[in-house]
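Before I ask anything, here is the structure I am working with.
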Protein chains: 2
Amino acid sequence: MKSSRTLNRIKMIEYSGQPHYLVAVDCIVFGFDGEHLKILLVKRGLEPEINKWSLIGGFVGAQESPDDAANRVLKKNTGLEGIYLEQLQIYGEPQRDPIERTLSVGYFALIDINKYQTQLSDDYHAEWFLINDRPKLIFDHDQMVADARKKLRYKAALHPILFEMLPKKFTIPQLQILFEEVNDTKIDTRNFSRKISSTGLLIKLAEKDKSGSKKGAFYFKLDKKKYNANFQAFLNLIPNLKP
Amino acid sequence: MKSSRTLNRIKMIEYSGQPHYLVAVDCIVFGFDGEHLKILLVKRGLEPEINKWSLIGGFVGAQESPDDAANRVLKKNTGLEGIYLEQLQIYGEPQRDPIERTLSVGYFALIDINKYQTQLSDDYHAEWFLINDRPKLIFDHDQMVADARKKLRYKAALHPILFEMLPKKFTIPQLQILFEEVNDTKIDTRNFSRKISSTGLLIKLAEKDKSGSKKGAFYFKLDKKKYNANFQAFLNLIPNLKP
DNA sequence: TTATTAAATGTCAAAATGACATTTAATAAT
DNA sequence: ATTATTAAATGTCATTTTGACATTTAATAA
C-alpha cells in the first residue's frame, strides 16, 4: 500500500480539478391493491419544491453504495426490508436539480401493498396513488415513473416478477388482473391460465378465496424453489406483446 | 426564479453536509472481426494503476450528462460518433477506487470493427483483445465486462442489436458466427437462416462474398426502416435459450 | 470433365399459440 | 327443496412456430 502522503500527491496531480457532485437515489415503488397498479409517493421535506409530491429518495452516504442507499431509504419510508429492487438507470442531466448538480440513480421496487399497510400507517407521510391518477412530480420524476413503468412491463413479459406485488396466497383471477393492469390490456382467461400453469411456478392450495364470488377461487402460492431457479429464464408471459 | 442569494441560503441549509463524489463513465466496447468477439481496451494514462489495461473511460464534466460523457470518451478513443451505446448500470461501491470515491456509470458499446481500423490506427493506444483472452483489468472493470457480456447476450436474444457490429454488407454465415460467438453455442444453419429471414429485416443484394468459399455467399444489408420500427419488438432470435 | 467445398434450402413431427363457449361450484332467492 | 345467479374453471381445434435432421447447388480447382 502506498503511504497516504503519496496518495495525496497523486490525487492532487491526477484527480484534482475534476468536479464533484451530489449523488442521490430515487425509488419508484409499485404496489397492487387487487384492482389497480399503484405508486408510493411522499411529500418532499426539503427545499426546493418543499411539500410537492416526489418519489422516495435520498442522498447516497459516504459509506454506502447506491444499492445500500436505496434499501435504506425504502426501509425508512415503508418499514420493509428485502424488497424487490432493481436499478433503472442514472439520471444525470446537468440542470436536473436547480440548486446544485445532483445525479440520481433510479430504482424500481415492487412491494406487497398489504405488508406495507399493516407495518405502519402514517409514520412517514407517504401515500399510494393510482398510477394513472397521480399528482405531478418534481424535477424529472415524472420521466422516471414513465421509464419505470416501461421497464416493469418489459421485465414482467419475460420474468415472473409480478408475484412480488401479490400476497403469499393469491388467486388466478387476481394474478390476471395484475397482468392486465401492468400491460394495459385484456387477456383471455383460458389462455392465461394455461400459460401460467405451464410455468410450473404455482402450487394450488386447498383453501379458497370466497370474497369475490359464490363459487370462490382457489388460492395458490409460489413454488419458491422453481421461482428462484427459473427466474432468469425467458417465459414469454404476455400474448401478442406489442412494443 | 429565486435570487442567487436565496438559492445559496437554501443550499447551505438543505444540501450542505452531504458528501460529493467524482462521477465517471466506463465503456465496454465490443467488436467482431468475422471470427471472434473482441473488446477494446486502453492502457491507463493516470495513477493509480498507470499503464495497466483498463476500459475506456473518463470523468463526467460539469456541463455534460453521463451519456454525453460516454459519447465524448468514445469519440476520443475510437474516432467514431453515433455509436450504439447503452447504459449498463452504475458501479458505486465506496472503495472501488482506492484514491477517492468515484462512482462509475458503465456503458456497453457496439461498433463495426472495420470502421474503427480504417479511421485511425494507433493515435490512441487502444487495442482489441479477444473477449476470452484479455488481460486482467483494473478496479472492478472485470466485473463490468462480465456484466456487459451477460447483458449483450440477453439483449441480442430479443433485439437485433448485433447488426451494429457488422459492416453494411454482410453474409448470413458471418451473421451466424457472430450469434454463435455471443451466445457461446452452435446453431443449426437451416433453423438460423429461417429465423433470420422471418424477421424481414434483411435485404438480399446481388453481390457475393467469395472470400470464404468457391460458391460465395450472398451479401445482405439491413432494412433500416424495418430495423428502426421493429427494434423494440421481441424477436426470440436464439433457439433454446438458457439463462 | 470431375472433384471439392461451403452456401443454400426442404421436410416432418412436436409443441406452442390464439381464438372461441361451456361446465362447474358455491351461494342466494324462491 | 328447487331454481336462479355468478364468477371460476376448463376444452377444442386450426394455425403457427419450433427443433431435429440431410440433400442440393453454385462456383472454383484439379
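Naming: A, B, ... by sequence-line order, numbering from 1 per chain. What you see below is based on every heavy atom in this structure, not just the backbone, and it leaves out hydrogens, waters and symmetry mates.
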- [ ] To the nearest Å, give me how far apart CG (A/L175) and P (D/dA9) are.
- [x]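 That distance rounds to 12 Å.
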
Open item on the list: Would the base of C/dG18 count as contacting A/R194 through its side chain, where contact means a donor and an acceptor less than 3.5 Å apart?
Closed with: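 For A/R194, whose side chain was compared with the base of C/dG18, there is a donor-acceptor pair (under 3.5 Å).
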
Task: Value in whole Å for how far the C1' atom of D/dA26 lies from NZ of B/K204 - done: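 About 12 Å, once rounded to whole Å.
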
- [ ] Could you work out which one of D/dA7, C/dT27, C/dA25 sits closest to the side chain of A/K210?
- [x]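 Between D/dA7, C/dT27, C/dA25, the one nearest the side chain of A/K210 would be C/dT27.
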
TODO: Using the side-chain contact (heavy atoms from CB on, under 4.5 Å) rule, pick out the option among A/L178, A/L222, A/D112 that qualifies with A/L166.
DONE: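 It is A/L178, the one option of A/L178, A/L222, A/D112 that forms the side-chain contact (heavy atoms from CB on, under 4.5 Å) with A/L166.
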
Task: Any-strand Watson-Crick or G-U partner of D/dA27, both distances under 3.5 Å - done: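 With both distances under 3.5 Å, D/dA27 matches C/dT4.
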
TODO: Take the protein atom CD of A/Q176 and the nucleotide atom C1' of D/dA9, then report the distance between them rounded to whole Å.
DONE: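 Rounded to whole Å, this separation is 12 Å.
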
Task: Length of the CZ-C1' vector between A/F192 and D/dA8, whole Å - done: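 The answer, rounded to whole Å, is 14 Å.
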
TODO: Can you tell me the distance, in whole Å, between the CD1 atom of B/I177 and the P atom of C/dA6?
DONE: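 My rounded result for the distance is 11 Å.
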
TODO: Tell me the partner of C/dT17, counting only Watson-Crick (N1-N3 plus N6-O4 or O6-N4) or G-U wobble (N1-O2 and O6-N3) with both under 3.5 Å; none if nothing fits.
DONE: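 Because both required distances fall under 3.5 Å, C/dT17 counts as paired with D/dA14.
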
Open item on the list: If you compare all heavy atoms of B/K38 against all heavy atoms of B/L130, which two are closest, and at what distance to 0.1 Å?
Closed with: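 What the structure gives for the nearest pair is CE-CD2, 3.7 Å.
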
- [ ] Check if the side chain of A/K215 and the base of C/dT24 share a donor-acceptor pair of N or O atoms closer than 3.5 Å.
- [x]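 Per atom types, the contact qualifies.
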
TODO: Please work out if B/S193 contacts a base, only the sugar-phosphate, or nothing of the nucleic acid, heavy-atom cut-off 4.0 Å.
DONE: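 Base contact - B/S193 has a heavy atom under 4.0 Å of at least one base atom.
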
Open item on the list: Using whole Å, what does the distance between atom P of nucleotide D/dA9 and atom CG of A/D209 come to?
Closed with: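 Taking atom P of D/dA9 as the reference, CG of A/D209 is at 10 Å.
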
Open item on the list: Just checking A/F192 against A/F179, ring centres under 6.0 Å apart?
Closed with: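 Judged by ring-centre distance (under 6.0 Å), A/F192 and A/F179 do meet the cut-off.
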
Task: Donor/acceptor link under 3.5 angstrom from A/R190 side chain onto base of C/dA19 - done: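 No such pair is found, so the answer is no.
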
TODO: Nearest 0.5 Å please: distance from the CZ atom of B/F108 over to the CG atom of B/L55.
DONE: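 So the gap between those two atoms works out to 13.5 Å.
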
Task: Pairing nucleotide - C/dT9, Watson-Crick or G-U, each distance under 3.5 Å - done: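 Pair assignment: C/dT9 / D/dA22.
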
Open item on the list: Taking the nucleotide of DNA chain C with the nearest heavy atom to each, does A/K208 or B/S213 sit closer to the 5' end?
Closed with: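 Its nucleotide being nearer the 5' end, the pick is B/S213.
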
- [ ] Assign A/S198 to base, sugar-phosphate, or nothing according to its heavy-atom contacts below 4.0 angstrom with the strands shown.
- [x]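 Since no nucleic acid heavy atom lies under 4.0 Å of A/S198, the category is nothing.
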
Open item on the list: The side chain of A/K195 is closest to which nucleotide in this list: C/dT17, C/dA8, C/dA19?
Closed with: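 So the side chain of A/K195 is nearest to C/dT17.
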
Task: Length of the line joining B/D188:CG and C/dA8:C1', which is rounded to integer Å - done: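 It works out to 12 Å between those atoms.
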
Task: Nearest-0.5 Å distance that lies between atom CD in B/Q87 and atom CD in A/Q89 - done: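 That separation rounds to 5.5 Å.
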
Open item on the list: Is it the case that the base of C/dT4 and the side chain of B/K214 share a donor-acceptor contact (distance under 3.5 Å, atom types as modelled)?
Closed with: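 Pair found.
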
Task: Spacing between B/N191 atom CG and D/dC21 atom C1', to the nearest angstrom - done: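 Value for this atom pair: 9 Å.
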
